[in-house]
Amino acid sequence: MDLYVVDAFTDRAFAGNPAGVVLLDGPADERWMQAVAAEMKHAETAFVRVDHVDPLPLRWFTPVAEVDLCGHATLATAHVLGGGRSFATRSGVLTCTAEDGWVEMDFPADPAEPIEMTTPLRAGLPGVTVKAVAQAVSDVLVEAASADEVRELRPDFAALAEVPGRGVIVTAPGDRPGLDVVSRCFYPSYGVPEDSVTGSAHCTLASWWTPRFGRANLLAEQASARGGLVRTTLEQDRVRLAGQAVTVIRGRLIV
């Protein structure tokens with residue numbers, strides 16, 4: 001089986017979010033896929049059945065668990081397969097299109113509703129001036145007072161692991177011309193203390209920030225150590241996410 005490592009949401013190698021992509025020519029055992037993902041140690045490894053016609057069956061695994069939706073590994077998979085493809089997933093059919101070196105993905109929106117601050121969140125985000133807390137289906141969103149607070153945050157991962165759900169998004173308005181949104185994403189309970197660039201989190205970020213900016217198209221930066229850019233377009237209950245990708249490794253799985 002062909003195996004790739006792709007840096008997603010970036011136009012250069014060794015930036016953005018690396019994802020494994022395994023091309024399957026038939027059914028695969030779930031325990032085997034989980035073992036491969038643990039061996040790869042990327043935030044997610046994608047497994048796609050290429051013996052099908054579109055939509056191709058696609059699943060994503062962190063080093064410790066299967067997830068319902070993953071943006072950067074979907075982008076990586078579409079990039080490997082040539083850009084314009086559709087995938088059958090736990091989150092429904094996801095359609096990707098390619099243009100001018102960017103891959104755009106059509107994802108379900110994941111809006112967040114305001115909730116009260118909790119003790120694990122407060123302990124997990126030292127130095128953050130919290131303006132709002134909201135719960136989406138996948139993640140808890142915390143709006144900080146400034147992009148500087150997001151960039152300089154040193155989270156307590158043990159505390160954040162106690163927050164129910166997949167993880168925590170910390171976000172603020174952008175801090176340079178043309179940049180609308182800054183965020184960082186933390187998933188310690190899924191074996192990913194900080195994710196480099198989280199496509200699916202932008203289904204929540206787009207839903208949160210688009211009404212506040214009053215326009216559908218936003219440019220978001222995930223301010224992790226590797227960093228990456230995501231273009232978002234909110235259209236009712238769907239979000240179009242666009243990013244670039246670079247293949248850095250191609251090999252073969254022999255077990």
K.L.:
Might you work through the side-chain contact (heavy atoms from CB on, under 4.5 Å) test for Leu219 and Leu229, ending with a clear yes or no?
P.N.:
CA-CA 7 Å; Leu219 179 64; Leu229 295 175; 4.3 Å; yes
K.L.:
Hey, does the side chain of Asp110 reach the backbone of Ala136 with a donor-acceptor pair shorter than 3.5 angstrom?
P.N.:
no
K.L.:
What are the two closest non-hydrogen atoms of Phe157 and Glu194, and how far apart are they?
P.N.:
CE2-N, 4.3 Å
K.L.:
Is it the case that Thr247 and His79 place a side-chain donor and acceptor less than 3.5 Å from each other?
P.N.:
yes
K.L.:
Under a 4.0 Å N-O cut-off, is there an ion pair linking Arg238 with Asp106?
P.N.:
yes
K.L.:
Could you point out which residue of Asp68, Thr45, Thr74 forms a side chain to side chain donor-acceptor pair (under 3.5 Å) with Trp60?
P.N.:
Thr74
K.L.:
Out of curiosity, Met40 CE to Leu3 CG, how far, rounded to the nearest 0.5 Å?
P.N.:
4.5 Å
K.L.:
Just checking, is any N or O donor in the side chain of Thr198 or Asp195 under 3.5 Å from an acceptor N or O on the other one?
P.N.:
yes
K.L.:
Would you check, one step at a time, whether the test side-chain contact (heavy atoms from CB on, under 4.5 Å) holds for Val230 with Glu221?
P.N.:
CA-CA 6 Å; Val230 184; Glu221 177 191 3; over 6 Å; no
K.L.:
Would Leu241 end up clustered with Leu218 when hydrophobic side chains under 4.5 Å apart are linked, directly or stepwise?
P.N.:
yes
K.L.:
Once rounded to the nearest 0.5 Å, what's the spacing between atom OG of Ser183 and atom CD1 of Ile169?
P.N.:
7.0 Å
K.L.:
Tell me whether Arg231 contacts the main-chain N or O of Ala242 through its side chain, where contact means a donor paired with an acceptor under 3.5 Å.
P.N.:
no
K.L.:
Below 4.0 angstrom, N of the basic side chain to O of the carboxylate: do Glu30 and Arg59 qualify?
P.N.:
yes
K.L.:
What are the two closest non-hydrogen atoms of Pro126 and Ala123, and how far apart are they?
P.N.:
CD-O, 3.8 Å
K.L.:
I need the minimum non-hydrogen distance between Lys131 and Ala144, along with the two atoms involved.
P.N.:
CD-O, 3.8 Å
K.L.:
Please answer: with hydrophobic residues joined when any side-chain heavy atoms are less than 4.5 Å apart, are Leu75 and Phe47 in the same cluster?
P.N.:
no
K.L.:
First locate atom CD of Gln135, then atom CD of Glu116, and finally report the distance between them rounded to the nearest 0.5 Å.
P.N.:
13.0 Å
K.L.:
Less than 4.0 Å between a side-chain N and a carboxylate O, is that true for Arg49 and Asp25?
P.N.:
no
K.L.:
When you look at Gln222 and Ser196, which way does the side chain to side chain donor-acceptor pair (under 3.5 Å) test go after all the steps?
P.N.:
CA-CA 7 Å; Gln222 194 153 325; Ser196 296; over 6 Å; no
K.L.:
Is there a path from Phe9 to Val103 through hydrophobic residues (I, L, V, M, F, W, Y) whose side chains come within less than 4.5 Å of each other?
P.N.:
yes
K.L.:
With the 4.5 Å side-chain cut-off for hydrophobic clustering, are Val128 and Val163 part of the same group?
P.N.:
yes
K.L.:
Which atom pair, heavy atoms only, marks the closest approach of Ala73 to Glu44?
P.N.:
CB-CB, 4.1 Å
K.L.:
Less than 4.5 Å apart, side chain to side chain, heavy atoms only: is that true for Val50 and Leu81?
P.N.:
yes
K.L.:
In plain terms, say whether Glu152 and Arg184 are close enough for a salt bridge, that is, a side-chain N and a carboxylate O under 4.0 Å apart.
P.N.:
no
K.L.:
Of the non-hydrogen atoms in Ala15 and Arg226, which two are nearest, and what is the gap between them?
P.N.:
O-NH2, 2.9 Å
K.L.:
Please determine which of Val48, Val22, Leu56 meets the side-chain contact (heavy atoms from CB on, under 4.5 Å) test together with Thr77.
P.N.:
Val48
K.L.:
Atom CG in Leu23, atom CZ in Arg250: separation rounded to 0.5 Å?
P.N.:
8.5 Å
K.L.:
Taking atom types as modelled and ignoring hydrogens, do the side chains of Arg166 and Ser200 form a donor-acceptor contact shorter than 3.5 angstrom?
P.N.:
yes
K.L.:
When you look at Val181 and Phe213, which way does the side-chain contact (heavy atoms from CB on, under 4.5 Å) test go after all the steps?
P.N.:
CA-CA 10 Å; Val181 178; Phe213 282 100; 4.1 Å; yes
K.L.:
Which value, rounded to the nearest 0.5 Å, describes the distance between His202 atom NE2 and Trp208 atom CH2?
P.N.:
15.5 Å
K.L.:
With side chain to side chain donor-acceptor pair (under 3.5 Å) as the criterion, how do Thr232 and Trp209 come out once you've worked through the C-alpha distance, each side chain's angles and the decisive distance to 0.1 Å?
P.N.:
CA-CA 10 Å; Thr232 74; Trp209 286 112; over 6 Å; no
K.L.:
Distance-only, no hydrogens or angles: does the Glu104 side chain make a donor-acceptor pair with backbone N or O of Arg240 under 3.5 Å?
P.N.:
no
K.L.:
Working to the nearest 0.5 Å, report the span between SG of Cys203 and CG of Leu69.
P.N.:
5.5 Å
K.L.:
Has Asp139 got a side-chain atom pairing as donor or acceptor with Leu141's backbone, closer than 3.5 angstrom?
P.N.:
no
K.L.:
Please give me the minimum heavy-atom distance between Ala38 and Pro63, naming the atom from each residue.
P.N.:
CB-O, 3.5 Å
K.L.:
Would you say Glu162 and Thr118 make side-chain contact, with heavy atoms under 4.5 Å?
P.N.:
no
K.L.:
With heavy-atom distances below 4.5 Å as the criterion, would you say the side chains of Thr210 and Arg212 are in contact?
P.N.:
no
K.L.:
Determine whether Pro173 and Leu179 make a side-chain contact, defined as any pair of heavy atoms from C-beta on separated by less than 4.5 Å.
P.N.:
no
K.L.:
Mind running salt bridge (charged side-chain N to carboxylate O under 4.0 Å, His left out) on Asp7 and Arg12 for me, showing each step along the way?
P.N.:
CA-CA 8 Å; Asp7 291 339; Arg12 58 188 175 89; over 6 Å; no
K.L.:
Under 3.5 Å, side chain of Arg215 to main-chain N/O of Asn217, donor-acceptor pair present?
P.N.:
yes
K.L.:
May I ask you to test the Asp156-Phe186 pair for a side-chain heavy-atom distance under 4.5 Å?
P.N.:
no
K.L.:
Any donor and acceptor pair, going by atom type alone, linking the side chain of Gln34 with main-chain N or O of Thr62 inside 3.5 Å?
P.N.:
yes
K.L.:
Would you say the side chain of Val133 lies within less than 4.5 Å of the side chain of Val140, judging by non-hydrogen atoms?
P.N.:
yes
K.L.:
Would one find more than 12 heavy atoms of other residues, nucleotides or ligands at under 6.0 Å from atom CD of Glu39?
P.N.:
no
K.L.:
Do Leu94 and Leu58 sit in one hydrophobic cluster, given that two such residues count as connected whenever their side-chain heavy atoms are within less than 4.5 Å of each other, even indirectly?
P.N.:
yes
K.L.:
So, do Phe87 and Pro55 sit near enough that their side-chain heavy atoms are less than 4.5 Å apart?
P.N.:
no
K.L.:
side-chain contact (heavy atoms from CB on, under 4.5 Å), that's the test. Do Leu153 and Leu125 meet it? Break it down for me.
P.N.:
CA-CA 7 Å; Leu153 172 62; Leu125 304 175; 3.8 Å; yes
K.L.:
Should Ser207 and Leu234 count as side-chain neighbours, where that means a heavy-atom distance under 4.5 Å?
P.N.:
yes
